[in-house]
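Below is one structure, written out as structure tokens, with a few remarks after it.
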Amino acid sequence: MQLTIEIKRYNPDEDDEPHWESYEVPAEPLDSALSLLLHVKWHIDGTLSLRKSCAHGICGSDAMQINGENKLACSVLVQDLVEEDGDTVTFAPLPSAPVIKDLIIDQSRFFEKYRDVKPWLITDGPAPEREREQSPEEHAMIEDATKCIMCGACTHACPSTWADPDYLGPAAMLKAYRYTFDSRDDGAEERLDVVDSPDGLWKCYTIFNCNEACPKDIDITRWLSALKRKAATSQATTKA
Amino acid sequence: MAQTNALNWFLHRITGTFLIFMLITHFWVQHYDHQAASVTHEVVTEKGEMPDYPEEAKAGVRARYGEDAEVTPYQVVMQRLDDPVYAVLWKGFNILFLVVALHHGFYGLNNVMTDYIRDPMGRLIARALSWTLALGLLIIGMYSVITAGW
Ligand code: HEM
Ligand code: SF4
Ligand code: FES
């Protein structure tokens with residue numbers, strides 16, 4: 001089949017504003033959306049810039065807005081796009097992030113927020129001789145959250161991020177959940193200090209856009225709610 | 001810097017849940033079912049008769065809103081708040097309803113405001129102004145509820 005591909009292009013050296021450009025691209029139903037972009041880049045216009053690496057939904061590089069929804073280009077099939085929205089496919093960079101060029105956003109802010117929540121194991125005692133053990137039940141608490149590949153689809157799908165770029169966002173706070181609820185971790189207090197802030201947890205209004213966007217189908221809103229309850233109870237107990 | 005909103009967030013959930021029941025009760029009693037509102041009254045008071053609008057006023061309401069239209073006359077509301085037994089209960093309900101709705105609404109409003117106001121000073125001013133307004137409304141509301149009928 002033949003598809004019309006519309007891409008939001010922006011070259012900071014030449015353009016004042018981003019603009020849409022249109023391309024005709026041949027496609028098979030089982031092609032990925034990423035292959036449409038690569039066809040444009042390799043056969044039509046080599047100046048098109050995009051991030052991608054694994055092409056298998058592992059690295060998280062190619063989150064972008066496809067037909068208005070945040071998705072991983074490599075993990076979406078042409079047949080599903082055509083079935084839902086017809087034979088025009090639009091590609092834009094993730095919303096509410098500074099654009100470096102074309103589909104590439106500046107992720108520095110996103111990863112700053114990630115570092116803010118201390119996404120590493122914090123422990124009080126000395127390191128054990130062998131690995132730190134965890135029971136299957138303890139692991140089940142965090143397993144869903146450990147699947148995050150830091151693609152940013154969720155954070156840039158969230159109206160709270162759109163309204164306030166300082167909002168920590170679901171990806172960072174999901175990491176906070178992942179470590180805070182890890183049975184081997186002792187850093188709950190430090191991390192709760194970060195997320196229990198005006199630009200943190202309380203700006204999550206349970207809108208569920210993050211859940212819809214997540215390519216790994218992580219139940220993000222649920223885990224953020226658990227983190228809110230933890231922050232609220234730890235507030236109550238420290239005050240008491 | 002933990003500037004916690006945990007308690008307000010928690011209360012927002014609680015007040016939201018309360019509002020489901022309180023809004024239904026409020027609308028049913030105050031705005032919809034004239035009879036249900038009156039029955040308690042008739043049973044409890046010795047006055048026996050219910051205040052009502054004059055016939056021509058009711059005809060006007062029917063002409064405008066249809067044959068089945070009913071209104072709750074002002075006097076019915078007032079009598080309920082003057083009732084020897086139920087007045088305290090209704091006043092209690094109304095004050096709780098007021099507090100719950102004000103907290104819920106104004107905390108929600110503060111969330112919306114901090115979405116758009118990013119400057120810390122601006123946020124502080126917006127917060128101070130809105131909670132002052134809420135306090136004002138609380139005082140007016142409590143005054144009306146307490147004095148009505150008494
Ligand atoms: C059936 C009764 C109601 C229920 C169950 C309810 C529930 C909720 C909940 C759960 C939220 C929080 C969403 C979140 O942050 O995750 C919310 C937000 C809000 N509510 Fe209510 N509510 C009710 C009635 C009202 C009423 C009567 C008002 C007005 C006085 C009101 C004003 C607001 C506002 C302004 C927000 C914030 C909206 C936002 O953050 O964008 N609600 N409500
Ligand atoms: S939670 Fe999902 S959408 Fe958000 S960064 Fe992780 S993988 Fe991407
Ligand atoms: S290219 Fe790695 S996730 Fe899509």
Side-chain angles (χ1 to χ4, degrees), chain A residues 95-96 98 109 113 116-118 155-170 173 176-177 180 187-207 209 221-240, chain B residues 1-24 26-27 95-138:
Chain A
S96 89
R109 217 38 215 298
K113 294 172 185 171
D116 281 349
V117 303
K118 309 181 193 228
T155 292
H156 296 99
C158 177
S160 288
T161 310
W162 301 340
D164 178 359
D166 293 334
Y167 173 50
L168 273 176
M173 293 198 294
Y177 167 86
T180 305
E189 216 171 296
E190 291 173 47
R191 253 181 241 106
L192 287 178
D193 251 11
V194 178
V195 293
D196 181 3
S197 67
D199 289 315
L201 276 179
W202 317 113
K203 278 191 157 302
C204 163
Y205 306 138
T206 43
I207 296 165
N209 273 22
T221 311
R222 175 176 174 195
W223 308 126
L224 295 199
S225 296
L227 198 57
K228 286 179 195 168
R229 284 196 294 275
K230 178 130 187 152
T233 36
S234 102
Q235 272 300 325
T237 45
T238 44
K239 271 201 187 142
Chain B
M1 180 201 56
Q3 191 202 352
T4 182
N5 252 336
L7 179 68
N8 277 329
W9 169 80
F10 179 69
L11 286 174
H12 206 206
R13 301 289 148 142
I14 301 296
T15 52
T17 313
F18 265 65
L19 276 173
I20 297 177
F21 302 105
M22 299 193 98
L23 279 172
I24 292 173
H26 168 78
F27 270 82
I95 289 170
L96 184 64
F97 186 37
L98 179 70
V99 171
V100 161
L102 280 176
H103 182 278
H104 187 90
F106 274 84
Y107 177 68
L109 179 70
N110 267 271
N111 278 345
V112 176
M113 290 192 306
T114 47
D115 283 344
Y116 294 99
I117 305 172
R118 253 160 279 149
D119 171 56
M121 197 57 197
R123 278 183 181 180
L124 196 71
I125 293 170
R127 187 174 315 149
L129 283 179
S130 64
W131 286 115
T132 310
L133 177 61
L135 185 70
L137 291 172
L138 178 72

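Below, chain A is the first sequence line, B the second, and so on; all start at residue 1. None of the values given here were measured: they were computed from a predicted structure.
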*Residue pair A/Ala232 / B/Ala6: nearest heavy atoms and the distance that separates them*: CA-CB, 3.7 Å
*asked:* Salt bridge check, A/Asp164 against B/Arg123: does any charged N sit closer than 4.0 Å to a carboxylate O?
replied: yes
*List for me each residue that meets salt bridge (Lys or Arg N to Asp or Glu O under 4.0 Å) alongside A/Arg229, sequence neighbours excluded, and say none if there are none.*
none
_A/Lys228: partners by salt bridge (Lys or Arg N to Asp or Glu O under 4.0 Å), with sequence neighbours left out_ = none
*Would you mind checking which part of A/Tyr167 comes under 4.5 Å of any heavy atom in chain B, side chain (CB onward), backbone (N, CA, C, O), both or neither?*
neither
*Least distance between heavy atoms, B/Asn111 atom then A/Lys203 atom*: O-NZ, 4.0 Å
*Only counting residues at least two apart or in another chain, list the ones meeting salt bridge (Lys or Arg N to Asp or Glu O under 4.0 Å) with A/Arg222.*
none
*Rounded to the nearest 0.5 Å, what separation is found between the CG atom of B/Leu7 and the CH2 atom of A/Trp202?*
9.5 Å
*Take atom CZ in B/Phe10; do more than 12 heavy atoms of anything else shown fall under 6.0 Å from it?*
no
*Could you name the residues of residues 155-163 of chain A that have a heavy atom within less than 4.5 Å of a heavy atom in chain B?*
A/Ala163
